[in-house]
Amino acid sequence: KKYDSYDMYKDLYNNPTRKIDELRKYISNKVCQVNCRKGVYNWKIPYADMQPSEYVGRGSGFVINVLDRKLIVTNHHVVADFKSIQVMFPFTGLKMYDAHVVLWCPESDIVFLELKDTTLEIEGLKLAEKGENSDLSSKDLLYAVGFPLGYQNMHINVGEKTGEHFTNNGGGESLIQHSAQLNEGNSGGALLTFDKEPVVVGVNNAIIKGYLGIDFAIPVQRIKILIH
């Protein structure tokens with residue numbers, strides 16, 4: 001939803017609990033925590049396959065529709081070099097579900113996962129129609145959804161677009177800079193706008209440690225390019 005500079009957040013502040021609760025209920029089967037384990041070598045059984053360790057990597061993710069499949073988007077750096085991946089959805093309590101990678105894109109820091117149990121009733125979030133960084137205004141209220149610091153309950157933080165950051169990987173790709181506070185564990189989570197329904201505009205992927213409100217997300221256009 002777009003706001004004039006004078007009444008930025010007025011709608012949210014007038015109905016803070018209602019707005020966040022409404023969003024939380026809507027996305028409970030559309031977002032997840034991503035849990036990863038490294039392989040541990042057993043010197044007593046040198047020829048055996050490495051066994052998964054305790055969870056040593058955690059991030060966030062969200063579901064999208066790709067043709068007739070439900071895929072989970074997260075960051076590449078969340079799942080890279082891990083032995084096994086499990087996800088947990090708010091609507092299933094603390095139950096973990098095995099997932100596997102179906103597409104890697106380290107350059108864009110994006111990975112698509114798929115559940116091994118395809119019968120779980122999850123739904124995909126809608127992606128923004130255009131999805132470029134420049135399509136967002138500082139008048140757009142943004143919601144960062146994720147599972148920070150390894151907490152198993154979903155957190156939703158609110159902010160706005162504060163700038164545009166260009167990566168130095170040679171491709172000139174831009175990131176959305178925003179003020180919806182992120183922490184470790186938010187990586188891979190959805191950055192949403194929420195008017196009539198939640199719409200994904202980005203994938204949260206970076207923070208500057210020691211500074212509040214300087215957070216970054218990959219524009220959703222990057223996901224749409226990978227889909228096509």
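Side-chain atoms of K224 never come within 3.5 Å of backbone atoms of V220 as a donor-acceptor pair (strictly under, hydrogens ignored). In this structure, the side chain of S28 does not engage the main chain of P90 through any donor-acceptor pair within 3.5 Å. Side chain of N157 to main chain of L182: no donor-acceptor pair is present (N/O by atom type, distance under 3.5 Å, no hydrogens or angles). Remark: the backbone N or O of G185 is not paired with any side-chain donor or acceptor of Q33 at under 3.5 angstrom. When atom types are taken as modelled, the side chain of N75 and the backbone of G188 share a donor-acceptor pair closer than 3.5 angstrom.
In the hydrophobic cluster analysis, where Ile, Leu, Val, Met, Phe, Trp and Tyr join through side-chain heavy atoms closer than 4.5 angstrom, L103 is grouped together with L125. F89 and M96 fall into different hydrophobic clusters, defined by Ile, Leu, Val, Met, Phe, Trp and Tyr side-chain heavy atoms under 4.5 Å apart, directly or through other members. Using a 4.5 Å cut-off between side-chain heavy atoms of Ile, Leu, Val, Met, Phe, Trp and Tyr, with links allowed through other members, V203 and L226 fall into the same hydrophobic cluster. Taking hydrophobic clusters as Ile, Leu, Val, Met, Phe, Trp and Tyr residues chained together by side-chain heavy-atom distances below 4.5 Å, V34 does not share a cluster with V66. Residues F91 and Y26 are members of separate hydrophobic clusters, defined by side-chain heavy-atom contacts under 4.5 angstrom among Ile, Leu, Val, Met, Phe, Trp and Tyr.
Here the shortest heavy-atom pairing between S60 and G146 reads OG-CA, 3.4 Å. The shortest heavy-atom contact between K70 and N65 is NZ-OD1, 2.7 Å. The two residues A144 and N204 come nearest to each other via the heavy atoms CB-ND2, 3.7 Å. Considering every non-hydrogen atom in both P148 and N186, the closest pair reads CB-OD1, 3.3 Å. Considering every non-hydrogen atom in both H100 and L115, the closest pair reads CE1-O, 4.4 Å. Scanning both residues, C32 and I72, for their nearest heavy atoms gives SG-CG2, 3.7 Å.
Side-chain contact between V87 and T74: absent, with no pair of heavy atoms (C-beta onward) separated by less than 4.5 Å. Looking only at side-chain heavy atoms (C-beta outward), D109 and R222 stay at 4.5 Å or farther from each other. Looking at heavy atoms from C-beta onward, I156 lies out of side-chain contact with L192 at the 4.5 angstrom threshold. Side-chain atoms of V73 and F112, non-hydrogen and from C-beta on, do get closer than 4.5 Å to each other. Put simply, the side chain of F147 does not reach to within 4.5 Å of the side chain of R58, judged on heavy atoms. Residues L23 and P198 are in side-chain contact: their nearest non-hydrogen atoms beyond the backbone lie under 4.5 Å apart. The side-chain heavy atoms of I218 and L175, taken from C-beta on, include a pair separated by under 4.5 Å. Under the 4.5 Å side-chain criterion, counting only non-hydrogen atoms from C-beta, H155 is not in contact with V145.
Here E197 contributes atom CD and I27 contributes atom CD1; the two are 12.5 Å apart, rounded to the nearest 0.5 Å. The CG atom of L191 sits 12.5 Å away from atom CZ of F216, with the distance rounded to the nearest 0.5 Å. K126 NZ to T193 OG1: the interatomic distance, rounded to the nearest 0.5 Å, is 9.0 Å. Distance CD/E160 to CD1/I176: 13.5 Å, rounded to 0.5 Å. Atom-to-atom distance recorded for E114:CD and L71:CG is 5.5 Å, nearest 0.5 angstrom. Rounding to the nearest 0.5 angstrom, the gap separating the CG atom in L127 from the CZ atom in F62 is 7.0 Å.
Within a 6.0 Å radius of OH in Y151, no more than 12 heavy atoms belonging to other residues, nucleotides or ligands are found.
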